[in-house]
Amino acid sequence: MSLSIYQRHLDNIPKQYRLLKLFRPPIYVIELSNNQLIAVCYYKDGSSKRHQVNADFSNRRMVIADFFKALQAITDLLLKFPKHPFGINGFAVANVTEELADGLTSIEIKAVREAIWAASRQAKRSVISTAVSYQGQVVSQ
């Protein structure tokens, strides 16, 4: 089952990373909800690892109300996964599962992308592309 999920996410990677797809990098699927982060890292062999972090970074109107607390929570989450050998870059899919009154705004999408990018740098995990989705529907590639 994990292998098909991995392949589905690998197929959705933007075309400019075609060469990197040959290395079959890890894919982080991060779910953001009210003060909770759940991440599953899918590997090319079909295995996966799952971790969860609770932190006080959101409120009922915004999924990321405090950027720096969210940044630290995502960093802590990424540090729970083993570092990929040879420093191969990974991809991230951020899914906001919290139901927001007006959905995700473009500012919130940018905040999610920036938080994942900055946290991956702090955790020394190279995430080069992040797709953001709201309740399973892709809103930014």
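Each residue takes its place number in the sequence, starting with 1.
Put simply, CG on Leu77 and CD1 on Ile30 are 6.0 Å apart, with the number rounded to the nearest 0.5 Å. The CD1 atom of Ile64 sits 9.0 Å away from atom CG of Leu71, with the distance rounded to the nearest 0.5 Å. The OG atom of Ser48 sits 13.0 Å away from atom OH of Tyr28, with the distance rounded to the nearest 0.5 Å. Rounding to the nearest 0.5 angstrom, the gap separating the CG atom in Leu32 from the CG atom in Leu104 is 9.5 Å. Taken from OG1 in Thr105 to OH in Tyr134, the straight-line distance is 11.0 Å, to the nearest 0.5 Å. To the nearest 0.5 Å, the span separating CG on Asn54 from CG on Asn34 amounts to 10.0 Å.
More than 12 heavy atoms of other residues, nucleotides or ligands sit less than 6.0 Å from atom CD of Gln135. When the shell of 6.0 Å around CZ of Phe67 is examined, it contains more than 12 heavy atoms from other residues, nucleotides or ligands.
Glu108 and Arg61 make their closest contact through OE2-O, 3.9 Å (heavy atoms, listed as atom of the first residue, atom of the second, distance). In this structure, Lys80 and Gln52 approach most closely via the heavy-atom pair NZ-O, 3.4 Å. Taking all atoms of both residues into account, the shortest heavy-atom contact from Phe57 to Ser33 is CZ-O, 3.9 Å. Ile116 approaches Ala92 most closely through the heavy-atom pair CG2-CB, 4.0 Å. Across all non-hydrogen atoms, the minimal contact from Lys49 to Phe81 is O-CE2, 3.2 Å. Residues Val132 and Arg113 share a closest heavy-atom pair of CG2-CG, 3.4 Å.
A donor-acceptor pair under 3.5 Å is absent between the side-chain atoms of Glu31 and the main chain of Ile38, judged by distance alone. Asn35 places a side-chain N or O within donor-acceptor distance of the main-chain N or O of Ser58, the cut-off being under 3.5 Å.
The shortest distance between side-chain heavy atoms of Arg121 and Ser126 falls below 4.5 Å. Contact annotation: the side chain of Tyr42 approaches that of Val29 to within less than 4.5 Å [non-hydrogen atoms, C-beta and beyond]. Residues Asp66 and Asp56 have side chains not in contact (no heavy-atom distance under 4.5 Å, counting atoms from C-beta outward). His51 places none of its side-chain heavy atoms less than 4.5 Å from the side chain of Val53. You'll find the side chain of Lys124 stays beyond 4.5 Å of the side chain of Leu78, heavy atoms only.
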May I have the step-by-step check of side chain to side chain contact (heavy atoms under 4.5 Å, CB included) for Val127 and Phe91, ending in yes or no?
CA-CA 5 Å; Val127 173; Phe91 295 95; 5.7 Å; no
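Linking ILVMFWY side-chain heavy atoms closer than 4.5 Å, directly or via other members, places Val112 and Val139 in a single hydrophobic cluster. Follow the hydrophobic side-chain contacts under 4.5 Å out from Ile109 and you reach Ile74 in the same cluster.
Thr97 and Asn95 share no donor-acceptor pair across their side chains, judged by distance under 3.5 Å alone.
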